[in-house]
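Report on the following structure.
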Amino acid sequence: MNILLIGHEGYLGRGLYSYLSRKHRVIGWDKKEDLFNLDAATLARESVEMLINLSVMADRGGRNFQADTPCDQVNVGGARHLAGILKGSEISWIQMSTREVLGPVYGARDVSRTRAGLRPKWLVSEEQPYAPANFYGKSKVMSEFISESHPHSAVIRLTTCYTDYDHPAGNWVVSLIKAAVQGRPVNLTRGGEQFRDPLHVDDLGRLMELIHAKRAFGEKYHAGGGRKNLISLKEFVRLAEPKVKIQKVAGGDYGFAFDNRKATELTGWEPKILVRERIPVIAENIRQQIALPPEMRAR
């Protein structure tokens, strides 16, 4: 299959490019190519069968939507541009989204306390109503609706997705492990009691392949690591470095985890990779990167 991956140089993009390239021809498209330079002629010339949009600007600084800002231009304007160049085609469009379209969901009554940390009494399904609490979440809601205009599209929402490697734009997985393996204290709200459901990028890639193969379009899919990958932040950093010093700081949520049942029912997908088995691998890869001269580190 010929796949055009927008955002292939980013943290998830590099991992997804690596996974998909094992079985498919993947064309990368990032900032230097410019999303707005992509056109229908390019898609036809490259015989693109699936387009994956990872491009994102995450402005969490304010609640109000701000028109004509980079967050609006990339998240909303970018989706509108893709809808235009895909119009009339049968190319699959995977539009990536985020849990932040739903805002904070869990409260004190929705979780149970265990020795390992908090655990959810229920998982968040696609029936959860929109309630974005920031500009970024609002812009991603709009991109979801825009993608509906293409009949061969699907939205995948993520909570936390990770790769096995370091990256300058890595998410909290990278930043926490990097601090732990360097022997620095790790600051965690609630002391790291809150839970997450990390999903490995290879499992994300499999879901995309299944959506395309089964033509399971017109849906919004929640994609988390599942119950077997529920983990508190304090568990997470201690698996990376057992001697890590955790410093409790104010604030923080109770956690977030997705219900994957729709993806399972419509495509047969389930996450396979266990985060507890990958954390030591990631930690070792990051240690190796830190040991390199600065000019040789991942960029």
Side-chain angles (χ1 to χ4, degrees), residues 1-56 74-98 126 140 142-158 161 163 199-223 260 262-273:
M1 176 166 52
N2 295 320
I3 300 172
L4 192 139
L5 177 60
I6 301 172
H8 74 292
E9 291 288 354
Y11 174 56
L12 292 186
R14 286 188 186 176
L16 199 55
Y17 187 96
S18 175
Y19 170 79
L20 294 171
S21 294
R22 297 171 201 167
K23 294 186 288 184
H24 310 286
R25 173 175 173 258
V26 183
I27 303 109
W29 200 276
D30 216 286
K31 291 180 181 178
K32 65 178 180 293
E33 290 84 11
D34 191 342
L35 168 62
F36 296 97
N37 287 334
L38 184 63
D39 56 21
T42 302
L43 300 178
R45 184 173 63 251
E46 299 291 349
S47 300
V48 172
E49 297 163 80
M50 180 163 71
L51 182 151
I52 301 167
N53 184 23
L54 295 181
S55 65
V56 65
V74 173
N75 299 346
V76 182
R80 189 179 296 278
H81 176 73
L82 293 178
I85 65 174
L86 289 168
K87 188 174 183 178
S89 78
E90 295 189 1
I91 298 171
S92 304
W93 175 10
I94 304 295
Q95 174 64 34
M96 299 308 300
S97 192
T98 169
E126 292 83 357
K140 296 303 285 184
M142 296 174 73
S143 71
E144 289 190 10
F145 286 140
I146 291 168
S147 71
E148 292 178 358
S149 65
H150 185 60
H152 306 289
S153 70
V155 169
I156 299 178
R157 295 175 183 157
L158 299 176
C161 194
T163 79
L199 175 73
H200 194 278
V201 71
D202 288 7
D203 280 328
L204 173 61
R206 284 195 306 105
L207 175 56
M208 293 174 172
E209 290 172 323
L210 285 165
I211 291 172
H212 175 84
K214 295 182 178 292
R215 316 302 287 175
F217 303 129
E219 301 287 348
K220 296 173 179 63
Y221 294 99
H222 283 183
N260 296 327
K262 179 191 276 191
T264 300
E265 291 169 0
L266 296 185
T267 72
W269 175 83
E270 288 186 357
K272 293 182 178 179
I273 299 172

Would you check if S55 and M96 make a side-chain contact, meaning some heavy-atom pair closer than 4.5 Å?
no
Side chain of E265, backbone of K262: donor and acceptor closer than 3.5 Å?
no
Nearest 0.5 Å, what's the NZ-CZ distance between K272 and R206?
4.5 Å
Has the side chain of D202 got a donor or acceptor atom that lies under 3.5 Å from a matching backbone atom of Y19?
no
Flag the pair I94 / N53 as yes when at least one side-chain heavy-atom distance between them is below 4.5 Å, and no otherwise.
no
With a 4.5 Å heavy-atom cut-off, do L43 and D39 have their side chains touching?
no
Check: L210 main-chain N/O paired with W269 side-chain donor or acceptor under 3.5 Å:
no
Do you know which two heavy atoms are closest between L12 and C161, and how far apart they sit?
CD2-O, 3.5 Å
Apply salt bridge (charged side-chain N to carboxylate O under 4.0 Å, His left out) to R25 and list each qualifying residue two or more places apart in sequence or on a separate chain.
E46
Those residues at least two apart in sequence (or on a different chain) that pass salt bridge (charged side-chain N to carboxylate O under 4.0 Å, His left out) with K31 are none
With a 4.5 Å cut-off on side-chain heavy atoms, are I156 and S97 touching?
no
Does the H24 side chain pair with the main chain of V26, one donor and one acceptor, at a distance under 3.5 Å?
no
D34 versus W29, closest heavy-atom pair with distance:
O-NE1, 2.9 Å
Any side-chain heavy-atom pair of N2 and S47 under 4.5 Å
yes
Does any non-hydrogen side-chain atom of T267 lie less than 4.5 Å from one of Y221?
yes
Does any part of the side chain of V74, heavy atoms only, come nearer than 4.5 Å to the side chain of V56, both counted from C-beta?
no
Just jot down the ring-ring contact (aromatic ring centres under 6.0 Å, His included) partners of H81, sequence neighbours excluded, or say none.
F36
Please round to the nearest 0.5 Å and tell me the distance separating atom NE2 of H212 and atom CG of L51.
12.0 Å
When you compare the side chains of S92 and H152, does any donor N or O come within less than 3.5 Å of an acceptor on the partner?
no
Intermediate values then yes/no, side chain to side chain contact (heavy atoms under 4.5 Å, CB included), T42 and I85:
CA-CA 10 Å; T42 302; I85 65 174; over 6 Å; no
Could you measure the distance from the CD1 atom of I91 to the OG atom of S153? Nearest 0.5 Å is fine.
12.5 Å
Tell me if a side-chain donor or acceptor on S18 pairs with a main-chain N or O of G15 at a distance below 3.5 Å.
no
Between Y17 and H8, what is the ring plane arrangement, given parallel below 30°, perpendicular above 60°, and tilted in between?
tilted
Search all heavy atoms of L35 against all heavy atoms of G78 and return the closest pair with its distance.
CD2-CA, 3.4 Å
Any non-hydrogen side-chain atom of L38 less than 4.5 Å from a side-chain atom of L4?
yes
Should I52 and I6 be marked as a side chain to side chain contact (heavy atoms under 4.5 Å, CB included) after you check the CA-CA gap, both sets of side-chain angles, and the distance that decides it?
CA-CA 6 Å; I52 301 167; I6 301 172; over 6 Å; no
Shortest non-hydrogen contact from A154 toward I211
CB-CG2, 3.9 Å
Would L204 and M208 count as a side chain to side chain contact (heavy atoms under 4.5 Å, CB included) here? Give the steps.
CA-CA 6 Å; L204 173 61; M208 293 174 172; 3.9 Å; yes
What are the two closest heavy atoms between L158 and A223, and how far apart are they?
CD2-O, 3.8 Å
Taking D203 for its side chain and I273 for its backbone only, find out whether a donor-acceptor pair lies under 3.5 Å.
yes
From the options E148, E144, Q95, E126, select the one residue that forms a side chain to side chain donor-acceptor pair (under 3.5 Å) with K220.
E148
Please name the residue in the list T264, L207, L199 that meets the side chain to side chain contact (heavy atoms under 4.5 Å, CB included) test with P271.
L199
Could you check whether any side-chain N or O of R80 sits under 3.5 Å from a backbone N or O of S143, counting only pairs where one atom can act as donor and the other as acceptor?
no
For side chain to side chain contact (heavy atoms under 4.5 Å, CB included), just list the numbers for E90 and E49, CA-CA rounded to whole Å, side-chain angles, deciding distance to a tenth of an Å, and then say yes or no.
CA-CA 8 Å; E90 295 189 1; E49 297 163 80; over 6 Å; no
